[in-house]
Amino acid sequence: MTEKIALVTGASRGLGFAFAEALAPDYHIVAVGRTVGGLEDLDDKIKAKGGDATLAPMDITNLDAMAQLCRSVYDRWGKVDLWVHAAIHGAPLTPAGHIDQKDWDKSVSSNISAVGQLIPFMTPLLGHDGQAVFFDDPKGGEKFFGSYGATKAAQIALARSWQKETETTGPKVSILSPNPMPTGTRARFFPGEDRETLASPQSEAQRLVAELGLK
């Protein structure tokens, strides 16, 4: 049987970490993330399940590094069966009139520009039969969510365009809506929230993997 390959961007923490773990050992995981320790923890969990991972500690905004990674994936496997995009920059909440320029630039770079380049990188790897997965978080237009909400909305708008363009040709593009989870990003947005009432990333990953019919 040909090995199935899942490339997960944003795999070192949160939902990306949990999604990569849930996909193993049915997929060889190419785990992309900025936090080396998080990727190493993921590797341990995947190996404990009898799976394998290739760790790629890098920032998705480093387009030269991402291009080289995609080339290396092609040279080794010739394809990607599944791309799960969970990388996100959650800028601090602030009134629109007080948005910090550096936070804005990083939000645009991470949440929009990088995805606008990753889709062309991933399209030939996914081919007609692959699948790409994005996660919606509709904060656009909410007060204080200017940087995050606007750039996340733009990312999902781009994904929806790609989804419509590939309905008959592939790859399949799925946009999922996770339930609120006690991630580091959410903790920064809602510091006083009762985290015990939130769904765990692991349970959400299992639910969404089942929703996609991947297990």
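Owing to the predicted nature of the structure, the values given are computational and were not obtained by experimental measurement.
Hydrophobic clustering, with ILVMFWY side chains joined whenever heavy atoms are under 4.5 angstrom apart, keeps V73 apart from Y27. With hydrophobic clusters built from ILVMFWY side chains whose heavy atoms lie under 4.5 angstrom apart, M181 shares a cluster with V209. Linking Ile, Leu, Val, Met, Phe, Trp and Tyr residues whenever their side-chain heavy atoms come within less than 4.5 Å places V84 and L176 in a single cluster. A single hydrophobic cluster is seen to contain both L158 and I175, as judged by linkage of ILVMFWY side chains at heavy-atom distances under 4.5 Å, directly or through other members. Under a hydrophobic-cluster definition in which Ile, Leu, Val, Met, Phe, Trp and Tyr are linked whenever side-chain heavy atoms come within less than 4.5 Å, directly or via other members, V115 and V30 are assigned to the same cluster.
In this structure, N111 CG and H85 NE2 are separated by 7.5 Å, a value rounded to the nearest 0.5 Å. Rounded to the nearest 0.5 Å, atoms CD1 (I156) and OG (S161) are 11.0 Å apart. Atoms CD and OG, from Q206 and S200 in turn, are 9.0 Å apart once rounded to the nearest 0.5 Å. The CG atom of L7 sits 6.5 Å away from the SG atom of C70 when rounded to the nearest 0.5 Å.
Sorted by first and then second residue, the pairs that involve residues 150-175 and meet salt bridge (charged side-chain N to carboxylate O under 4.0 Å, His left out), not counting sequence neighbours, are D136-R160. Sorted by first and then second residue, the ring-ring contact (aromatic ring centres under 6.0 Å, His included) pairs with a member in residues 135-172 read F19-F135, F145-F189, Y148-F189; sequence neighbours excluded. Screening residues 91-114 for salt bridge (charged side-chain N to carboxylate O under 4.0 Å, His left out) gives no qualifying pairs among residues at least two apart or on separate chains. Every pair passing salt bridge (charged side-chain N to carboxylate O under 4.0 Å, His left out) that includes a residue from residues 193-205 is listed here, sequence neighbours excluded: R186-E193, E204-R207.
Applying the side chain to side chain donor-acceptor pair (under 3.5 Å) criterion to Q131, with sequence neighbours excluded, gives S174. Under the rule for a side chain to side chain donor-acceptor pair (under 3.5 Å), the partners of D59 that lie at least two apart in sequence or sit in another chain are T61. Evaluation of the salt bridge (charged side-chain N to carboxylate O under 4.0 Å, His left out) rule for D43 yields K47 as partners, not counting sequence neighbours. For the ring pair (Phe, Tyr, Trp, His ring centres under 6.0 Å) test, no residue two or more places apart in sequence or in another chain qualifies with H89. Under the salt bridge (charged side-chain N to carboxylate O under 4.0 Å, His left out) criterion, R71 pairs with D75, sequence neighbours left out. Applying the side chain to side chain donor-acceptor pair (under 3.5 Å) test to T94 and every residue at least two apart in sequence or in another chain returns nothing.
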Exercise. Quick one: do V8 and I29 satisfy side chain to side chain contact (heavy atoms under 4.5 Å, CB included)? Show the steps, please.
Key: CA-CA 7 Å; V8 182; I29 307 298; 4.3 Å; yes
Quiz item: Going through the distances and angles, do M66 and V32 end up as a side chain to side chain contact (heavy atoms under 4.5 Å, CB included)?
Solution: CA-CA 9 Å; M66 291 303 301; V32 181; 4.1 Å; yes
Practice problem: Determine, step by step, whether I46 and D52 satisfy the side chain to side chain contact (heavy atoms under 4.5 Å, CB included) criterion, reporting the C-alpha distance in whole Å, the side-chain angles of both residues, the deciding distance to 0.1 Å, and the verdict. | Solution: CA-CA 6 Å; I46 288 173; D52 291 297; 5.5 Å; no
Quiz item: Is there a side chain to side chain contact (heavy atoms under 4.5 Å, CB included) between T183 and L15 once you walk through the steps?
Solution: CA-CA 8 Å; T183 61; L15 183 59; 5.6 Å; no
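When every heavy atom of S110 is checked against every heavy atom of I60, the shortest pair comes out as O-CD1, 3.7 Å. Of all the heavy atoms in G33 and L39, the pair that sits closest is O-CD1, 3.7 Å. Summarising the geometry of W104 relative to S147, their closest heavy-atom pair is CE3-OG, 3.6 Å, with the distance given to 0.1 Å. Taking every heavy atom of both residues into account, L198 and P180 meet most closely at CB-O, 3.6 Å. Taking each heavy atom of G90 and T185 in turn, the nearest pair found is CA-CG2, 4.3 Å. For the residue pair V36 and P57, the shortest heavy atom distance occurs at CG2-CB, 3.8 Å.
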Ignoring hydrogens and angles, write down the donor-acceptor pairs under 3.5 Å from the side chains of residues 76-83, residues two or more places apart or on other chains.
| unit_1 | atom_1 | unit_2 | atom_2 | d |
| --- | --- | --- | --- | --- |
| R76 | NH1 | T54 | OG1 | 3.4 |
| W77 | NE1 | E3 | OE1 | 3.3 |
| K79 | NZ | E3 | O | 3.0 |
| K79 | NZ | D81 | OD1 | 3.1 |
| K79 | NZ | D81 | OD2 | 2.8 |
| D81 | OD2 | I5 | N | 2.7 |
| W83 | NE1 | T9 | OG1 | 3.0 |

Which atom pairs, donor and acceptor, lie under 3.5 Å between side-chain atoms of residues 117-128 and protein residues at least two apart or in another chain?
| unit_1 | atom_1 | unit_2 | atom_2 | d |
| --- | --- | --- | --- | --- |
| T123 | OG1 | I119 | O | 2.7 |
| H128 | ND1 | T169 | O | 3.0 |

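More than 12 heavy atoms of other residues, nucleotides or ligands lie within 6.0 Å of CZ in F190, so this atom counts as buried by the packing criterion.
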